[in-house]
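Input: a single structure, listed below in structure tokens.
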There are 2 protein chains.
Amino acid sequence: MPTTPPSTVRLAVSTVIFALRADRAGGPPALWTPLVRRTREPQLGHWALPGGWLPPNEELETAAARTLRSTTGLAPSYLEQLYTFGGVDRSPGERVVSVVYWALLPNDEAARATIGPNVRWVPADTLPELAFDHADIIAYALWRLRTKVEYSEIAHALLGRTFTLAELREVYEAVLRRQLDPANFRRTMLASGGLQETGEHRAGTPHRPPKLYRYAPAATAPGAREPFRPTERTAS
Amino acid sequence: MPTTPPSTVRLAVSTVIFALRADRAGGPPALWTPLVRRTREPQLGHWALPGGWLPPNEELETAAARTLRSTTGLAPSYLEQLYTFGGVDRSPGERVVSVVYWALLPNDEAARATIGPNVRWVPADTLPELAFDHADIIAYALWRLRTKVEYSEIAHALLGRTFTLAELREVYEAVLRRQLDPANFRRTMLASGGLQETGEHRAGTPHRPPKLYRYAPAATAPGAREPFRPTERTAS
DNA sequence: GCAAAAGTGTTATCTCTACACCCATGG
DNA sequence: CCATGGGTGTAGAGATAACACTTTTGC
């Protein structure tokens with residue numbers, strides 16, 4: 001079916017948001033993501049990633065954070081550019097290039113996220129049918145999260161400011177979908193130097209109270225592999 | 001200095017290109033990259049990354065390959081999206097969002113790349129002053145190449161179709177800027193399963209003729225970490 | 001005291017690295 | 001037969017994984 005080629009390119013910014021949620025109280029947490037219902041054509045009524053057109057005077061990352069806030073009412077603990085999707089046939093009738101970001105929300109805050117008829121949280125690995133290529137995009141973001149957790153210290157972004165080692169391990173287990181040895185996990189984490197004892201303990205447990213830690217990135221060792229975030233020039 | 005905000009966003013595609021070149025004949029190769037001289041304002045006359053505006057009916061990756069071909073006259077052996085740079089103040093007076101790709105050229109072909117008054121090859125780690133934020137972009141692309149070489153098998157893309165293990169090691173050494181143990185390198189490479197003997201030997205050496213290999217990706221083992229290239233829908 | 005999770009110790013195994021050594025070829 | 005890089009063997013250091021064991025709390 002030959003369509004008349006679009007005359008312009010429109011630029012959108014979308015965000016894939018991840019947070020941990022327990023299916024049932026006390027059960028192991030899993031990754032969930034919020035979707036919004038489209039209120040315009042094309043694909044009116046379909047579920048889609050939060051996003052919108054890029055205002056000419058707004059930074060890309062700021063636009064991503066804004067759509068995130070308007071969707072969930074929360075600020076992300078982690079936000080990074082994922083990929084730019086620009087296939088000619090992504091959207092019928094017009095050429096849309098989407099710069100997609102991905103974000104992590106802290107656990108305690110995510111519980112009181114905005115809910116409404118046009119926002120819906122779904123498990124990240126069993127998605128409903130989505131608009132455009134958004135299912136592919138979420139799958140890619142999930143892959144990025146899962147691979148990045150293995151070599152980077154981002155898991156803490158899914159927790160609150162302080163957490164126990166067992167809670168941190170639960171995050172890893174939810175993301176990686178496999179059990180980890182508590183003893184070895186503890187040693188690996190402490191050896192990384194990225195954790196700092198708060199001196200406090202989690203109260204209210206039916207057993208020995210665990211220590212609380214906070215994330216405190218180690219002083220960058222010479223020659224260490226820093227993530228190298230591209231330097232974006234912010235508006236003056 | 002307050003400037004009047006631009007009313008539209010323009011979308012460009014640029015490409016960082018890497019190839020190996022020996023400084024002197026027989027010497028160890030190093031990474032070089034081609035630049036083009038700008039023939040329009042802004043930044044007229046400055047050296048910049050090859051690129052251009054995105055035509056509404058052209059795929060992003062196709063646009064990157066096209067600018068690469070028009071700059072060097074060659075086809076890339078590797079091409080991947082790097083990052084999208086969209087800072088509000090990247091370009092004076094207008095809002096330009098650049099989807100940047102990075103590419104590798106095979107060694108034998110790179111030798112006969114196009115040269116002209118408006119194309120100039122420079123060593124990738126000692127750049128001249130560049131237009132816009134292009135120096136930052138190349139630095140980021142270099143970082144990506146150097147980190148990706150450590151966990152992925154892309155080094156062969158800087159060589160021809162067949163190569164010796166010593167030649168492959170030279171690529172790694174040029175990219176990583178450090179010497180590698182030939183014995184251990186050999187074993188690691190052969191164990192990866194990505195190399196296949198051709199049965200031929202490199203002739204004309206003043207000593208024992210080395211075996212020639214070709215790149216032949218191993219059958220994907222179950223649970224192996226595939227690179228997961230995002231699925232772009234190609235034009236029908 | 002008993003259950004349960006926090007936290008520690010120990011050992012087998014695998015991987016990485018350095019380097020000694022033999023092999024094959026041109027001159 | 002000699003120089004040179006191709007190619008193999010191997011032992012020590014360090015990281016990883018499995019699991020036994022001790023500690024500390026609530027009930």
Side-chain angles (χ1 to χ4, degrees), chain A residues 22 25-29 147 149-153 159 162-174 176-214 218 221 223-225, chain B residues 22 25-29 147 149-153 159 162-174 176-214 218 221 223-225:
Chain A
T147 52
V149 152
E150 303 224 57
Y151 68 88
S152 176
E153 295 180 343
L159 294 171
T162 66
F163 46 85
T164 69
L165 281 168
E167 287 162 358
L168 187 59
R169 179 167 48 83
E170 272 199 320
V171 175
Y172 275 82
E173 291 179 341
L176 299 176
R177 288 174 300 181
R178 70 163 188 270
Q179 301 279 108
L180 299 175
D181 184 304
N184 294 333
F185 179 82
R186 148 185 305 277
R187 265 184 296 251
T188 309
M189 282 298 134
L190 295 180
S192 77
L195 297 185
Q196 192 176 55
E197 288 190 23
T198 63
E200 316 229 313
H201 297 256
R202 168 87 63 224
T205 60
H207 50 272
R208 177 173 175 176
K211 289 180 182 172
L212 282 171
Y213 293 84
R214 76 168 61 85
R225 52 159 55 201
Chain B
T147 52
V149 152
E150 303 223 57
Y151 68 89
S152 176
E153 295 180 344
L159 294 171
T162 66
F163 46 84
T164 69
L165 280 168
E167 288 162 357
L168 187 60
R169 179 166 48 84
E170 273 199 320
V171 176
Y172 275 82
E173 291 179 341
L176 299 176
R177 287 174 301 181
R178 70 162 188 270
Q179 302 279 108
L180 299 175
D181 184 303
N184 295 333
F185 179 82
R186 149 185 306 278
R187 266 185 295 251
T188 308
M189 283 299 134
L190 294 179
S192 76
L195 297 184
Q196 192 177 54
E197 289 190 24
T198 62
E200 315 230 313
H201 295 256
R202 167 87 65 221
T205 59
H207 50 272
R208 177 172 174 177
K211 290 179 182 172
L212 282 171
Y213 294 84
R214 75 168 63 87
R225 52 158 54 199

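A, B, ... follow the sequence lines: proteins, then strands. Residue 1 opens every chain. Because the structure is a prediction, the values reported are computed rather than measured.
Scored by the salt bridge (Lys or Arg N to Asp or Glu O under 4.0 Å) test, B/Glu197 finds B/Lys211 as partners (sequence neighbours excluded). In this structure A/Tyr213 satisfies the ring-ring contact (aromatic ring centres under 6.0 Å, His included) test with no other residue, sequence neighbours excluded. Not a single side-chain hydrogen bond (donor to acceptor under 3.5 Å, both in side chains) links B/Arg177 to another residue, sequence neighbours left out.
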For nucleotides 15-19 of chain C, tabulate all protein N/O to nucleotide N/O atom pairs closer than 3.5 Å, reporting atom names and distance.
{"from": "C/dA18", "atom 1": "N7", "to": "B/Asn184", "atom 2": "ND2", "distance (Å)": "2.9"}
{"from": "C/dA18", "atom 1": "N6", "to": "B/Asn184", "atom 2": "OD1", "distance (Å)": "3.2"}
{"from": "C/dA18", "atom 1": "N6", "to": "B/Arg187", "atom 2": "NH2", "distance (Å)": "3.4"}

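No side-chain donor-acceptor contact under 3.5 Å links B/Thr162 and B/Glu200.
When all heavy atoms of B/Pro209 and B/His201 are compared, the closest pair comes out as O-ND1, 3.3 Å. The two residues B/Glu153 and B/Gly194 have their closest heavy-atom pair at OE1-CA, 3.9 Å. For the residue pair A/Asn184 and A/Asp181, the shortest heavy atom distance occurs at N-OD1, 3.1 Å. Minimum interatomic distance between A/Tyr172 and A/Met189 (heavy atoms only, all atoms of both residues): OH-CE, 3.3 Å. Residues B/Leu180 and B/Arg169 approach most closely at O-CD, 3.8 Å, considering heavy atoms.
Along DNA chain D, the stretch of nucleotides lying under 4.0 Å from any heavy atom of chain B spans, 5' to 3', D/dT4 to D/dT10.
Summary of the strand contacts: A/His201 and A/Pro206 both lie near DNA chain C, and taking for each the nucleotide with the nearest heavy atom, the more 5' one is attributed to A/Pro206.
Rounded to whole Å, the distance from CZ on B/Arg208 to C1' on C/dG26 is 14 Å. Nucleotide C/dA6 holds its C1' atom 17 Å from the CE atom of A/Met189, rounded to whole Å.
When each of A/Leu176, A/Val149, A/Leu159 is tested with A/Val171 by the rule side chain to side chain contact (heavy atoms under 4.5 Å, CB included), just one qualifies, namely A/Leu159.
Of the residues in residues 163-171 of chain A, none has a non-hydrogen atom less than 4.0 angstrom from any atom of DNA chain D.
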